[in-house]
Each structure stands twice: as C-alpha cells, then as structure tokens.
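Encoded as structure tokens, the structure appears first; notes follow it.
If you read the sequence from its start, that first residue is 1, and numbering goes on from there.
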Amino acid sequence: GQDYWTTIVPAEGGEPRTIGSAGEPLPAGDACWSPDSARVAFAGHRDGRFAIGIYELASGEVCWLAEGDEEKGQLGWSPDGRRLVGVLNYDALTELAVIDAGSGAMARYRVEPGVHYQPRFTPDGQQVLFAFDNPRYPTDLWRLSLADGVCTQLTRSLPADWTQGDFVMPERVRYPSLDGEPVPALLYRPREAEPLPPAVVVIHGGPTWLTQVTWDPLLQHIVSRGWAVLAPNYRGSTGYGLAWQWANRFDLGGVDTRDVVAGADYLAREGLADPARIAVSGVSHGGYLTMTCLTQYPDRWVAGAAVVPFLNWFTGHANSREDLQHWDLENFGDPERDRDLYYERSPYFFLDRVTAPVQMICGAHDVRCPASESIAARDALIAQGKECELILYEDEGHGFLKTENVVDAKKRRVDFLARFLEP
C-alpha cells in the first residue's frame, strides 16, 4: 500500500530484522539511530494515528511517543540521546517538535506559518538548525534557541530589493466536494483584481502528497497578474490523517477528480472568480487529474495545462518500472482483473469530450509518465480539430532539473493560460 517498513541489516552478516511488534512488521519510516546505537527512532502509525516509535535493539520492543493526528517525520537525536527533534505536518503547515525520549513530553516551535525541514541538534544540544520557507521567505537556514524558543534566520536568499510584504500568503479554506465532504485547500486572493477575477485550480502531484504554505514563485506570479489560485488537497493527500490519505485508493481519477472539480464550483459560487474564466493545471498526478477534469467535467474549464501527465493506465502501467507497477497494483488495481476501471479512468479514451484548449509539457526521458502518451493525445486532439499545444524538453525527465528549462516551462505554462484568462 502506502506504508514503509524499516529493516536492520547486520553489516557483518546474520539475519535481517524488520522493525515490528508481536512478530508483525510495523509501518516505520524516517528511521535514525540513537547516539549509542542501541535504539532506532522512527515515524509510523498505530491504530490509524501517527506516532513516533523507539525500537530497542536488544529486546526488540517498541515504545510509542507523541501520538496524535499530525504526521511526524524527519527525526534526529540530541547528542546525549535524551531528546528527539522532528517535524509535525498538519493542514498544509509544519512545526518543529522537541520530544523527551523518556516521557514523551513535547514542545512545539515555529518561525511563522510555513514549512520547516530537516531539523538537527547542534553538537552542544542547546540549539536546533533547520530550513524554513513559506510564500514570504525562500528556503533558508534558521536556528532555534531552546533556551528561549527564539528562531533566528542565518542565511538570506531573498534579493535585497524584495521584502516579505511583496508576497501574498494563502488562506486555508474548506469547501464541499460534489458529495458534500469538506475538502481542505489553499486560496490565494489577488491584491488588485477585477470584481470577478480569472482563476486557476492548481493540482499537486503524488498523489500521496499535498500543497503546503510554501515558497512558490509560480503561484506568486500568477496572483500578481490578478488571478485567484485555489490549490485543493483532494482525497489522497497527506497532512490530514490516514483516512484522508487512503480515501482515493482504488478510486484514482474518481473521487480526487470530483474534489478538484468542486473547487471550481466553490470559486464560482462564492464570487471568488469569474465562472467563465477558470482554468485547471497540475504536475504529474496533478497533470493526470487535469486531464480527468477536462474529460469528465469539460464544462467547468476555459483551458487546461498538464505538466508531465499520464493519460492511459494500460500503457502507463506496462511501461513503468517494477516498483511503480507494484504501486499501481497496491493502490489502483490489476490491469487484467480491473480492466474496466483502467479504461474508465484513462483520459486518453475520452479525448472527444474535451472542449477547452489543452497544453501538455513533457520530458523526453520521463520513465514515470512517458511523453509518448502526451504525444498520442496531442495527435488525437488535433485530428479531432481541437486546440492542443505540446512542449517537449528533449533533455529532461519527470522532474525538470535544468534551471533554464524549469523557468521556460513555467513561463510557457502561464503564457498559455493567459491567452484564455486575460481580456
């Protein structure tokens, strides 16, 4: 499924040992050795709730600390082995947590609403170094003093001629999905906009991931143009508990699509955007959902831009690496046994329903979402007399790595959407 196991392998030979309890493996990720190598701390879940576990190497026993609904991870030990530092992830935000390894008592810290990364104790155990970003701050190195709880910025990536006030912070909102279930999302309102501005529904990838209150120059540029942005954390997203994370298993392209479509309805219903000028765009699984939105609910969108999408579950599964095929089987189904589902959720077979102009941006060496699917979709859409633009980067894979390509792809994405969103 979506669990991680941690196995301890003796370097000098012997039987590997998987962290578990009562002979059964436990979900255990982000494992790290204690300073004396006698214990392993890990992040996992217990009875449907997230917790931090400590595995005693000598006895094989597990004790649990810091239980609760927040996702926990990125753990590190203090030099004396008495405390742990980690990251708590909840509702698109994170905080730092310093946890007593004996009692489980926990203190929480943050710079401001945003995302904290990879905390580590200093050698004297009196401070914690970490990275932080949000829409007002690019990622930089910070220091937390445990004596007074003060966070101090150590590096400054924002150019001197910019200030934090130049950027827009999102609102955390919830809106009803098509079945009435509240969907969490981030809403960016433009500072200066028409009474009913255009809008883009931006879909994250994963699907077991989420859009957080983080640094994103693309979103800031979009908002600066007077467009609203809604970023749904649809069913299948992390950060909202295990039930929400697992809610789209074996229903990919179904309930998650409807959660996104309901976001467009929310923007129109609440007077946050012009109903006739709402576009949809996403990357990877978000690119896939862009195409399911355009094929399943074509009347909602004025345009769609899909970045490194996949469109055909059959070819996507057949052409994937073995580990990705395993993920498909564990989270969607078998292409033979579940053939009807594979067909129904493949946008490629329903391109005749598309009414909005489509852009697809791909990497020629993408082994996760092969560009061949987008090329075939482009050819089919054009043969049907529909507007479609394909941009193929010959020297990129799934996640673009070259700065010039990253910037160029974002510019082309915005330029395409602007043709249909701006007067």
Side-chain angles (χ1 to χ4, degrees), residues 1-6 19 21 25-32 40-55 62-77 83-101 104-120 128 130-134 139 144 170 172 174 181-186 204-215 231-249 256 259 284-286 327 330-331:
Q2 297 171 20
D3 292 338
Y4 294 88
W5 294 353
T6 293
I19 291 178
S21 179
L26 286 170
D30 281 357
C32 59
V40 176
F42 64 91
H45 43 86
R46 180 189 189 200
D47 300 327
R49 293 167 64 85
F50 292 94
I52 293 174
I54 296 181
Y55 178 76
V62 174
C63 67
W64 294 96
L65 306 172
E67 297 190 48
D69 291 332
E70 305 110 329
E71 296 182 12
K72 303 169 180 69
Q74 303 181 45
L75 303 176
W77 287 89
R83 293 170 295 170
L84 288 160
V85 64
V87 172
L88 306 178
N89 182 11
Y90 64 97
D91 196 19
L93 300 170
T94 73
E95 290 181 340
L96 300 176
V98 177
I99 305 150
D100 187 294
M106 181 169 65
R108 305 167 73 128
Y109 306 90
R110 72 176 188 180
V111 174
E112 63 175 40
V115 183
H116 306 72
Y117 306 90
Q118 297 296 334
R120 292 293 180 265
V128 172
F130 62 97
F132 170 80
D133 74 75
N134 72 5
T139 305
L144 165 66
R172 288 177 290 152
R174 290 179 184 260
E181 185 72 22
V183 179
L186 297 180
H204 72 76
T208 45
W209 193 245
L210 80 163
T211 299
Q212 295 180 296
V213 180
T214 190
W215 174 256
N233 283 321
Y234 52 83
R235 271 170 276 195
S237 302
T238 55
Y240 301 89
L242 286 170
W244 192 259
Q245 177 182 324
W246 292 339
N248 70 342
R249 285 189 72 201
D256 42 12
D259 286 353
S284 191
H285 190 80
W327 192 95
E330 290 284 318
N331 292 279

> Heavy-atom distance under 4.5 Å between the side chains of Leu88 and Met106, does that happen here?
Replying inline: yes
> Between the side chains of Asn248 and Tyr234, does any donor sit under 3.5 Å from an acceptor?
Replying inline: no
> With a cut-off of 6.0 Å (strictly less than), are more than 12 heavy atoms of other residues, nucleotides or ligands near CH2 of Trp64?
Replying inline: yes
> How about Arg235 and Trp244: do any of their side-chain heavy atoms sit closer than 4.5 Å?
Replying inline: yes
> When rounded to the nearest 0.5 angstrom, what distance separates NZ in Lys72 from CZ in Phe42?
Replying inline: 12.5 Å
>> Could you report the tightest heavy-atom contact between Leu210 and Ser237, atom names first, then the distance?
In response: CB-CB, 4.4 Å
>> How close do Arg49 and Gly68 get, counting heavy atoms only, and between which atoms?
In response: NH2-CA, 3.3 Å
>> For a quick test of reading the model, state the closest non-hydrogen atom pair linking Thr211 to Ala231 and the distance between them.
In response: CG2-CB, 3.7 Å
> Quick one: are Leu96 and Pro119 in side-chain contact, heavy atoms under 4.5 Å?
Replying inline: yes
> What distance do Ile19 atom CD1 and Thr6 atom OG1 have between them, rounded to the nearest 0.5 Å?
Replying inline: 5.0 Å
> Aromatic rings His116 and Phe132: how do their planes relate, parallel, tilted or perpendicular, breaks at 30° and 60°?
Replying inline: tilted
> Atom CD1 in Ile99, atom CH2 in Trp77: separation rounded to 0.5 Å?
Replying inline: 10.0 Å
> Can you tell if the side chain of Gln245 reaches within under 4.5 Å of the side chain of Glu71, non-hydrogen atoms only?
Replying inline: yes
> With a 4.5 Å limit on heavy-atom distance, are the side chains of Asn331 and Thr208 in contact?
Replying inline: no
>> Between Phe50 and Asp69, is there a side-chain heavy-atom distance shorter than 4.5 Å?
In response: no
> Can you find a pair of side-chain heavy atoms, one from Leu93 and one from Gln212, that are under 4.5 Å apart?
Replying inline: no
> If you measure from CG on Asn89 to CD on Gln74, what distance do you get to the nearest 0.5 Å?
Replying inline: 8.5 Å
> For Trp5, does the CH2 atom have more than 12 heavy-atom neighbours from other residues, nucleotides or ligands under 6.0 Å away?
Replying inline: no
>> A side-chain contact here means heavy atoms from C-beta on lying under 4.5 Å apart; do His45 and Asp3 qualify?
In response: yes
